[in-house]
Structures are given as C-alpha cells and as structure tokens.
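All residue numbers refer to positions in the sequence shown, counting from 1.
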Amino acid sequence: MNENETMIPEHVNYLMNLLKSYEMFFRKNMDNLDINIGEIPILMEIYTNEGLNQIDLVRQFHVTEANISKTTKNLLIKGLITKTIDAENNTKKILLLTEDGKKACQILLDIFDQWKDATLGDIPSDEMRAFAGNLKKLSDNSVDVLS
C-alpha cells in the first residue's frame, strides 16, 4: 500500500469537517439573510462574474440545469438577482445582482472573512496558496472521474 492510499480517507474526513464547520458558521451568522446555504455559492459566483448565464453556472458547479434553474428562480423571487435578455443573443438570459443582492453578498463576504480569520490561525499564505492549488487539482480530478 502506498502513502496516498492511507492519506486520502483521513484527508477526506478533514475536508468534511471543514465544510461542516463552514456551513454551521454561516448558518449561525446569517440569521438576518433570507438565503439558504446552497444558494451562497451561486449568488457569490454571480457577484464575482456578473453577466453570466445559467449554463455557465451548470459548468462551474457541475450540477444539473434543473438545480441551477431552481436556485436562480429562488434568488429571483427573493429579489437578489434579475434575469435580462442578452443584447447579443436573444435566447440567452444573463444574471445580474439587484442592490439587495449586492448588499447580501457584502454581508456574506464579511461572514466569510470572520470565518477565515477564525480558522486560518498562523498558516502562512504561501502554504494556503499551495493547499488551494492542490484542492483544485483534487476537485478537477474528481470531476473527471464522473465524466
């Protein structure tokens, strides 16, 4: 048995614990927001890349069109985003944040900064960049396995 075979399950547990902590921290600190935990990544992706469409989100998050459609519909109903017909392609609807959506994203970013400050501790930034790069590789590989 090589070293990777024994490390992976342990690291998966660490990642699961990190994700659980992240979710719990957000749930605890976003009482005043009408956003569920599954909507956060979609809303933040629109914040980061305003003007994308639902297919862009499907590709980004590797979920079904139905999942993205339901999530964006909920964000529309909550008044956090709008859908606008693309001037260059009438069949394409682009997603934009409303003022309330922008305010919500700022609150979410503040919560994330609090969580980050509480969890990073004394880990040097170069180590975090390397860790992020390795996580991206693992994520890409895991998506490739499903293809």
Inset, instruction - Let me see the working for Glu99 and Lys103 under salt bridge (Lys or Arg N to Asp or Glu O under 4.0 Å), right down to the final yes or no. - result: CA-CA 6 Å; Glu99 285 305 313; Lys103 289 176 190 172; over 6 Å; no

Legend entry - Ile81: which of Leu75, Thr98, Ile42, Asn74 passes side chain to side chain contact (heavy atoms under 4.5 Å, CB included):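 Exactly one candidate clears the test, Leu75.
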
From [X] atom [atom1] to [Y] atom [atom2], the distance as rounded to the nearest 0.5 Å:
| X | Y | atom1 | atom2 | value |
| --- | --- | --- | --- | --- |
| Tyr22 | Ile37 | OH | CD1 | 6.5 Å |
| Glu23 | Asn36 | CD | CG | 10.0 Å |
| Asn49 | Leu95 | CG | CG | 11.0 Å |
| Lys116 | Met128 | NZ | CE | 9.5 Å |
| Thr82 | Ile94 | OG1 | CD1 | 8.0 Å |
| Lys20 | Leu15 | NZ | CG | 11.5 Å |

[X]-[Y] side chain donor-acceptor pair, cut-off 3.5 Å:
| X | Y | result |
| --- | --- | --- |
| Asn89 | Thr91 | yes |
| Asp56 | Gln60 | no |
| Glu39 | Thr71 | no |

Check whether [X] and [Y] end up in the same hydrophobic cluster, where Ile, Leu, Val, Met, Phe, Trp and Tyr are linked by side-chain heavy atoms less than 4.5 Å apart.
| X | Y | answer |
| --- | --- | --- |
| Phe112 | Leu135 | no |
| Ile55 | Ile46 | no |
| Met30 | Ile107 | yes |
| Ile35 | Leu76 | yes |
| Leu109 | Leu96 | no |

Legend entry - Minimum-distance pair of heavy atoms, taken over all atoms of Asp100 and Gly79: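 Between these two residues, the closest heavy atoms are CB-O, 3.9 Å.
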
Legend entry - Nearest heavy-atom neighbours spanning Pro41 and Phe61: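 Looking at all heavy atoms of both residues, the closest pair is O-CZ, 3.5 Å.
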
Legend entry - Residue among Lys92, Lys83, Glu65 satisfying side-chain hydrogen bond (donor to acceptor under 3.5 Å, both in side chains) with Gln54: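 The side-chain hydrogen bond (donor to acceptor under 3.5 Å, both in side chains) with Gln54 is passed solely by Lys83 among Lys92, Lys83, Glu65.
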
Inset, instruction - Verify the ring-centre separation between Phe26 and Trp115: is it less than 6.0 angstrom? - result: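 No, too far apart.
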
Legend entry - Lys137/Asp140 salt bridge by N-O under 4.0 Å criterion: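 Result for this pair is no, no salt bridge flagged.
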
Looking at [X], I want to see if its [atom1] is surrounded by more than 12 non-hydrogen atoms of other residues, nucleotides or ligands under 6.0 Å.
| X | atom1 | value |
| --- | --- | --- |
| Lys93 | NZ | no |
| Glu88 | CD | no |
| Ile85 | CD1 | no |

Inset, instruction - Verify, without hydrogens or angle tests, whether Thr48 (side chain) and Met44 (backbone) share a donor-acceptor contact under 3.5 angstrom. - result: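 Here the side-chain-to-backbone pair exists.
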
Legend entry - Check: Ala66 main-chain N/O paired with Ser69 side-chain donor or acceptor under 3.5 Å: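 No: the side chain of Ser69 does not pair with the backbone of Ala66.
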
Inset, instruction - With side-chain contact (heavy atoms from CB on, under 4.5 Å) as the test, would you mind laying out the steps for Leu57 and Val63 before giving the verdict? - result: CA-CA 8 Å; Leu57 293 172; Val63 295; over 6 Å; no

Legend entry - Heavy-atom side-chain contact between Leu97 and Leu80 under 4.5 Å: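 The answer is no, as the side chains (C-beta and beyond) never meet within the 4.5 Å cut-off.
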
